[in-house]
Amino acid sequence: MFQAMPYDGTRSERFEAVLTQLGALMEGEPNAIANLANASALLKLSLPDTNWTGFYLFDGKELVLGPFQGLPACIRIPLGKGVCGTAATERRTLVVGDVHAFPGHIACDEASNSEIVVPLVRGGVLLGVLDIDSPLKHRFDDEERRFLERFAAMVSDVI
């Protein structure tokens, strides 16, 4: 049974606790969907002021909706389109402080104002992206980007 760790301490210590929890949740579990579902739930629980946390998986042609927490979302995103498709194509994390200023932004939830997308890559192969939206503008900072890149790397190792 999963037991949430208390989130006392510094922000950095809380991020480390979440990574420890992620490792415990995925340990010994070979099913990618189960791991992604628990990872999205853990992030939603751990990150305040977010309205969507989840994954899009690369099927060889485009990104396809995977496990998530939030309102129903866009099902397919072409590579190079929107924040998710751009991050996937460029294989780099995108932190967008105001999604309405991002050229070609795809609005799945009109409440979203900022977004971070981290590519899931293993051995140079694109697996998908981790996508997190917030109703607050400029919600995501550099410390959180580094944490989420580590989170995404852990997930990429087990899917």
**Student:** Atom CZ of Phe151 and atom CD of Gln21: how far apart are they, to the nearest 0.5 Å?
**Tutor:** 9.5 Å
**Student:** Answer yes or no: is there a donor N or O on one side and an acceptor on the other, between the side chain of Thr50 and the main chain of Leu47, under 3.5 Å?
**Tutor:** yes
**Student:** Check whether Leu65 and Leu63 end up in the same hydrophobic cluster, where Ile, Leu, Val, Met, Phe, Trp and Tyr are linked by side-chain heavy atoms less than 4.5 Å apart.
**Tutor:** yes
**Student:** Using the ring pair (Phe, Tyr, Trp, His ring centres under 6.0 Å) criterion, which residues pair with Tyr56? Sequence neighbours excluded.
**Tutor:** Trp52
**Student:** Can you find a pair of side-chain heavy atoms, one from Val155 and one from Leu130, that are under 4.5 Å apart?
**Tutor:** no
**Student:** Could you give the distance from CG (Leu120) to CE (Met154), rounded to the nearest 0.5 Å?
**Tutor:** 13.0 Å
**Student:** Are more than 12 heavy atoms, taken from residues, nucleotides or ligands other than Lys44, located less than 6.0 Å from that residue's NZ atom?
**Tutor:** yes
**Student:** Run Leu43 and Leu22 through side chain to side chain contact (heavy atoms under 4.5 Å, CB included) and show every step you take.
**Tutor:** CA-CA 9 Å; Leu43 280 178; Leu22 177 64; over 6 Å; no
**Student:** Contact between Phe102 and Thr86 at the side-chain level, heavy atoms closer than 4.5 Å - yes or no?
**Tutor:** yes
**Student:** Looking only at heavy atoms, which two atoms of Ala87 and Pro119 are closest? And how far apart?
**Tutor:** O-CG, 3.5 Å
**Student:** If two hydrophobic side chains count as joined below 4.5 Å and joins carry through other members, does Ile132 share a cluster with Val64?
**Tutor:** no
**Student:** Test: side-chain hydrogen bond (donor to acceptor under 3.5 Å, both in side chains). Region: residues 148-159. Which pairs qualify, not counting sequence neighbours?
**Tutor:** Glu16-Arg150, Thr93-Glu149, Arg145-Glu149
**Student:** Which residue pairs pass the ring pair (Phe, Tyr, Trp, His ring centres under 6.0 Å) test when at least one of the two sits in residues 31-50, sequence neighbours left out?
**Tutor:** none
**Student:** Same cluster or not: Leu136 versus Val117, using hydrophobic residues (I, L, V, M, F, W, Y) connected whenever any side-chain heavy atoms lie under 4.5 Å apart?
**Tutor:** no
**Student:** Apply side chain to side chain contact (heavy atoms under 4.5 Å, CB included) to residues Ser46 and Arg14 and explain how you reach the verdict.
**Tutor:** CA-CA 9 Å; Ser46 305; Arg14 291 192 307 270; over 6 Å; no
**Student:** Which pairs, with at least one residue in residues 15-51 and sequence neighbours excluded, count as a ring pair (Phe, Tyr, Trp, His ring centres under 6.0 Å)?
**Tutor:** Phe15-Phe147
**Student:** For Thr10, does its backbone N or O pair with a side-chain atom of Glu13 as donor and acceptor, under 3.5 Å?
**Tutor:** yes
**Student:** Other residues, nucleotides and ligands only: do more than 12 of their heavy atoms fall within 6.0 Å of CD1 on Ile75?
**Tutor:** no
**Student:** Can you tell which of Val158, Leu36, Leu42 makes a side-chain contact (heavy atoms from CB on, under 4.5 Å) with Met26?
**Tutor:** Val158
**Student:** If you look at every heavy atom in Phe58 and Leu126, which pair is closest and at what distance?
**Tutor:** CD2-O, 3.6 Å
**Student:** Tell me the side-chain hydrogen bond (donor to acceptor under 3.5 Å, both in side chains) pairs involving residues 30-43, sequence neighbours left out?
**Tutor:** none
**Student:** Between Arg139 and Asp98, does any NZ, NE, NH1 or NH2 come within less than 4.0 Å of an OD or OE carboxylate oxygen?
**Tutor:** no
**Student:** Using the rule that two of Ile, Leu, Val, Met, Phe, Trp, Tyr join whenever any of their side-chain heavy atoms come within less than 4.5 Å, decide whether Leu79 and Ile77 are in one cluster.
**Tutor:** yes
**Student:** Kindly state each residue pair satisfying side-chain hydrogen bond (donor to acceptor under 3.5 Å, both in side chains) with at least one member in residues 111-130, sequence neighbours excluded.
**Tutor:** Asn51-Ser112, His100-Asn113, Ser112-Asp133
**Student:** Hey, does the side chain of Arg76 reach the backbone of Glu62 with a donor-acceptor pair shorter than 3.5 angstrom?
**Tutor:** no
**Student:** Under the criterion side-chain contact (heavy atoms from CB on, under 4.5 Å), which of Val118, Ile116, Val83, Val129 is the partner of Leu94?
**Tutor:** Val83
